[in-house]
Amino acid sequence: NDDERTFHVLAQEYLAKNPKGQYRLDIQYKMALLAYEKERYDEAAPLFLKLGHEYGSQEKGQKSQDLYIDILNIKKDFLGIRTYAQELSKQTPDHARSAKMQKLYEQAYFLQIQSMEEKGQVKEALHEYLTFSKVNPNSEFVEKAMWNTMLLQYKIGDMLAGARSSEDFATKY
């Protein structure tokens, strides 16, 4: 619409004339948000990603991070969510936000593996479930990962590994 075009032109002009301007974050955030609200995710995503990196300690920077993750979720890009959330969990000094990002990383990782399994990539999924359980031993998804590991081992005919996994599962749970 005309209002958005006018805003975009004025915003670009401000950003060009004031590369370190006081309102840079607000303007770029608004530009990204307008694109996001109109479902122009390919336009909004790089802006949110950039703002999340540059202003991660500020509220709009964190909102940008969250909206970037939402775009990845809309696109069902579990690997993208997993990678970005893990990066944020390590960078964020705020313990509560770091824990939230760690949980999101685990959730995306698990969904990525389930997606492999649904696509018939059984051996890859099996390998990833095993890796997930080792790398994230305290995750709330470990029980399900161990269970799925056992089921997939039986499914591919590896009875010995399935029996061992069954025993491990029974011991732990």
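Just the heavy atoms: all of them, side chains too, but no hydrogens, waters or symmetry mates, feed the values below. These numbers come from a predicted model, not from an experiment.
The structure places CG of L67 at 9.0 Å from CD of E37, a figure rounded to the nearest 0.5 Å. In this structure, CG on L104 lies 9.5 Å from CZ on R97, to the nearest 0.5 angstrom. Atom CG of L88 and atom CG of D94 lie 12.0 Å apart (nearest 0.5 Å). Taken from CG in N138 to CD in Q102, the straight-line distance is 9.5 Å, to the nearest 0.5 Å. How far NE2 of H127 is from CD of Q121: 13.0 Å, rounded to the nearest 0.5 Å. A distance of 15.0 Å separates CZ of F7 from CG of D2, quoted to the nearest 0.5 Å.
Screening V135, N136, L111 for a side-chain contact (heavy atoms from CB on, under 4.5 Å) involving E106 leaves a single residue, N136.
Between the side chain of Q153 and the backbone N or O of D158 there is no donor-acceptor pair closer than 3.5 Å. Checking side-chain atoms of E117 against main-chain N and O of V122 turns up no donor-acceptor pair under 3.5 Å. Although no hydrogens or angles enter the test, the distance criterion places no donor-acceptor pair under 3.5 Å between the side chain of Y68 and the main chain of Y84.
The side-chain heavy atoms of Y109 and Q86, taken from C-beta on, include no pair separated by under 4.5 Å. By the 4.5 Å heavy-atom criterion applied to side chains, Q91 and M101 are not counted as neighbours. Taking the side chain as every heavy atom from C-beta outward, D77 and L79 approach each other to under 4.5 Å. Residues Q28 and K60 have side chains not in contact (no heavy-atom distance under 4.5 Å, counting atoms from C-beta outward). Annotation: side chain of D26 is not in contact with side chain of K30 (no heavy-atom distance under 4.5 Å).
The shortest non-hydrogen separation linking S98 to T92 is CB-O, 3.9 Å. Among all heavy-atom pairs drawn from M31 and Q12, the shortest one is CE-NE2, 3.5 Å. Taking all atoms of both residues into account, the shortest heavy-atom contact from F132 to V142 is CE2-N, 4.1 Å. M150 and G162 get closest at one heavy-atom pair: CG-O, 3.7 Å. Here the closest non-hydrogen pair linking R82 and A108 is N-CB, 3.6 Å. Counting all heavy atoms, side chain and backbone alike, A145 lies closest to S133 at CB-OG, 3.5 Å.
Looking at E4 and R40, a side-chain N of the basic residue comes within less than 4.0 Å of a carboxylate O on the acidic one, giving a salt bridge. Salt bridge status for D66 with K63: absent, with no side-chain N to carboxylate O gap under 4.0 Å.
Using modelled atom types, one finds no donor on one side chain facing an acceptor on the other under 3.5 Å when comparing S165 with Y154.
In the hydrophobic clustering of ILVMFWY residues, with side-chain heavy atoms under 4.5 Å counting as a link, V9 and L34 come out apart. Note: the hydrophobic cluster containing Y41 also contains F48 (ILVMFWY, side chain heavy atoms under 4.5 Å, direct or indirect links). Using a 4.5 Å cut-off between side-chain heavy atoms of Ile, Leu, Val, Met, Phe, Trp and Tyr, with links allowed through other members, I69 and Y36 fall into the same hydrophobic cluster. No chain of hydrophobic side-chain contacts below 4.5 Å, direct or via other Ile, Leu, Val, Met, Phe, Trp or Tyr residues, connects L10 to L15. If you chain together hydrophobic residues whose side chains sit under 4.5 Å apart, I27 and L51 never meet in one group.
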Going through the distances and angles, do Q62 and Q65 end up as a side-chain contact (heavy atoms from CB on, under 4.5 Å)? CA-CA 5 Å; Q62 290 180 359; Q65 293 169 349; 3.9 Å; yes
In sequence, state the C-alpha distance, the side-chain angles, and the governing distance for E87 and H53, and then conclude on side-chain contact (heavy atoms from CB on, under 4.5 Å). CA-CA 11 Å; E87 177 186 316; H53 281 297; 2.7 Å; yes
Evaluate the criterion side-chain contact (heavy atoms from CB on, under 4.5 Å) for residue pair M146 and Y173; output intermediate values, then yes/no. CA-CA 10 Å; M146 287 179 71; Y173 301 102; 3.7 Å; yes
Run Y55 and R24 through side-chain contact (heavy atoms from CB on, under 4.5 Å) and show every step you take. CA-CA 11 Å; Y55 303 97; R24 182 174 191 77; 3.9 Å; yes
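Taking the six-membered ring wherever Trp is involved, the centroid distance between the rings of F110 and Y129 falls below 6.0 Å.
In this structure, Y14 places its OH atom where more than 12 heavy-atom neighbours from other residues, nucleotides or ligands lie under 6.0 Å away.
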